[in-house]
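Nothing here was measured: the structure is a model prediction, and the numbers come from that model. Numbers here are sequence positions counted from 1. Computed from heavy atoms alone, side chains included, the values below leave out hydrogens, waters and symmetry copies.
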Amino acid sequence: MRVVKLRPWIRRFKRWRARLSANASVIIAACSMVIALVAAGLSGYSAYLTREHDRLSVRPKLLFTFAYDGTGADWKIVNMGLGPARIRGFRVLINGVEQKAADKEEFWTVIARGLNLPAETNYQFTNPRVDEMIPVEQTMTLCWVNKGPASQTLEAQYKNVGLEFCYCSIYDECWFGWSGIALSVRDDKCSAFSKEPLSNWWQG
């Protein structure tokens, strides 16, 4: 009868078990690293989605409107977005020509001078200055003119008046827009105003 020597097999088994244990440790460590990386990636992506959601949840949208009826005529700013809007730049054009506003000059004065409105006009106005905050669903009346010669002039010439503006969200994401156009263009630098001297109507 052949006698099987067990010692060599025992030694081989011990070496195999040692290698298996070492490999298992490496595999476990690698799996742990992969799981940690995946978790970090998911956490980062979740944080990104949260930030994007927060930005979209407070995005403003300014519209400039002109209206007239039997009582008079007016220009208004309306925030139709989801968050407050900060005015960063504002410009008035008449027949395509920018109307330069002197220091501390009001919106109404620029309009009245540009359209040669009568001096004896019953009006109300709000001057849109840099850093003016317009809350959600709030309307700012830029000017209101009671029925009369001035309101008739505005009704006849309002299409000759253009308003350009740049406004920002609370995250300093900014958009450039035009009166009469609902679409605003993303422009964080407000580049359309970049060559303008700093004023009450523009902040770099």
Nearest 0.5 Å please: distance from the [atom1] atom of [X] over to the [atom2] atom of [Y].
X: W178; Y: L183; atom1: CH2; atom2: CG; value: 7.0 Å
X: R129; Y: S199; atom1: CZ; atom2: OG; value: 9.5 Å
X: E196; Y: Q203; atom1: CD; atom2: CD; value: 14.0 Å
X: T153; Y: N160; atom1: OG1; atom2: CG; value: 11.5 Å
X: I77; Y: Q138; atom1: CD1; atom2: CD; value: 10.5 Å

Return yes when the gap between the SG atoms of C166 and C190 is under 2.5 Å; return no otherwise.
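Yes - the two cysteines, C166 and C190, have SG atoms within less than 2.5 Å of each other.
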Can you hop from [X] to [Y] via hydrophobic side chains spaced under 4.5 Å?
X: F125; Y: V110; result: yes
X: I181; Y: V185; result: yes
X: M140; Y: F90; result: yes

Where do [X] and [Y] come nearest, in terms of heavy atoms and distance?
X: Y68; Y: A73; answer: CB-CB, 3.7 Å
X: R88; Y: C174; answer: NH1-SG, 3.5 Å
X: P84; Y: I170; answer: CG-CG2, 3.7 Å

Determine whether a donor-acceptor pair (N or O, by modelled atom type, separation under 3.5 Å) exists between the side chain of [X] and the backbone of [Y].
X: D187; Y: F176; value: no
X: S179; Y: L163; value: yes
X: W175; Y: K61; value: no
X: W75; Y: C143; value: no
X: D69; Y: T71; value: yes
X: Q157; Y: E155; value: no
X: N79; Y: I134; value: yes

Quick one, E164 with L93, criterion side chain to side chain contact (heavy atoms under 4.5 Å, CB included). Give me CA distance, side-chain angles, the key distance, then yes/no.
CA-CA 8 Å; E164 296 181 351; L93 299 96; 3.6 Å; yes
For residues [X] and [Y], determine if any side-chain heavy atom of one lies less than 4.5 Å from a side-chain heavy atom of the other.
X: T141; Y: Q124; answer: no
X: L142; Y: P128; answer: yes
X: L117; Y: L154; answer: yes
X: V161; Y: F64; answer: no
X: V58; Y: L82; answer: no
X: P60; Y: Y167; answer: yes
X: T126; Y: W108; answer: no
X: N127; Y: W201; answer: yes

Could you walk me through whether E173 and R186 pass the salt bridge (charged side-chain N to carboxylate O under 4.0 Å, His left out) test, one step at a time?
CA-CA 8 Å; E173 296 174 332; R186 178 74 179 270; 3.6 Å; yes
Counting only heavy atoms not in M133, do more than 12 fall under 6.0 Å of its CE?
yes
Side chain to side chain contact (heavy atoms under 4.5 Å, CB included) partner of R113, the single match among I111, N116, T109, L115:
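Passing option: T109.
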Below 6.0 angstrom between ring centroids: does that apply to Y158 and F66?
yes
Under a 3.5 Å cutoff, is there a donor and acceptor pairing between the side chains of Y123 and S151?
no
Axial cation check for F165 ring with R91, 6.0 Å and 45° limits
no
Evaluate the criterion salt bridge (charged side-chain N to carboxylate O under 4.0 Å, His left out) for residue pair R86 and D172; output intermediate values, then yes/no.
CA-CA 9 Å; R86 175 175 64 86; D172 286 329; 3.1 Å; yes
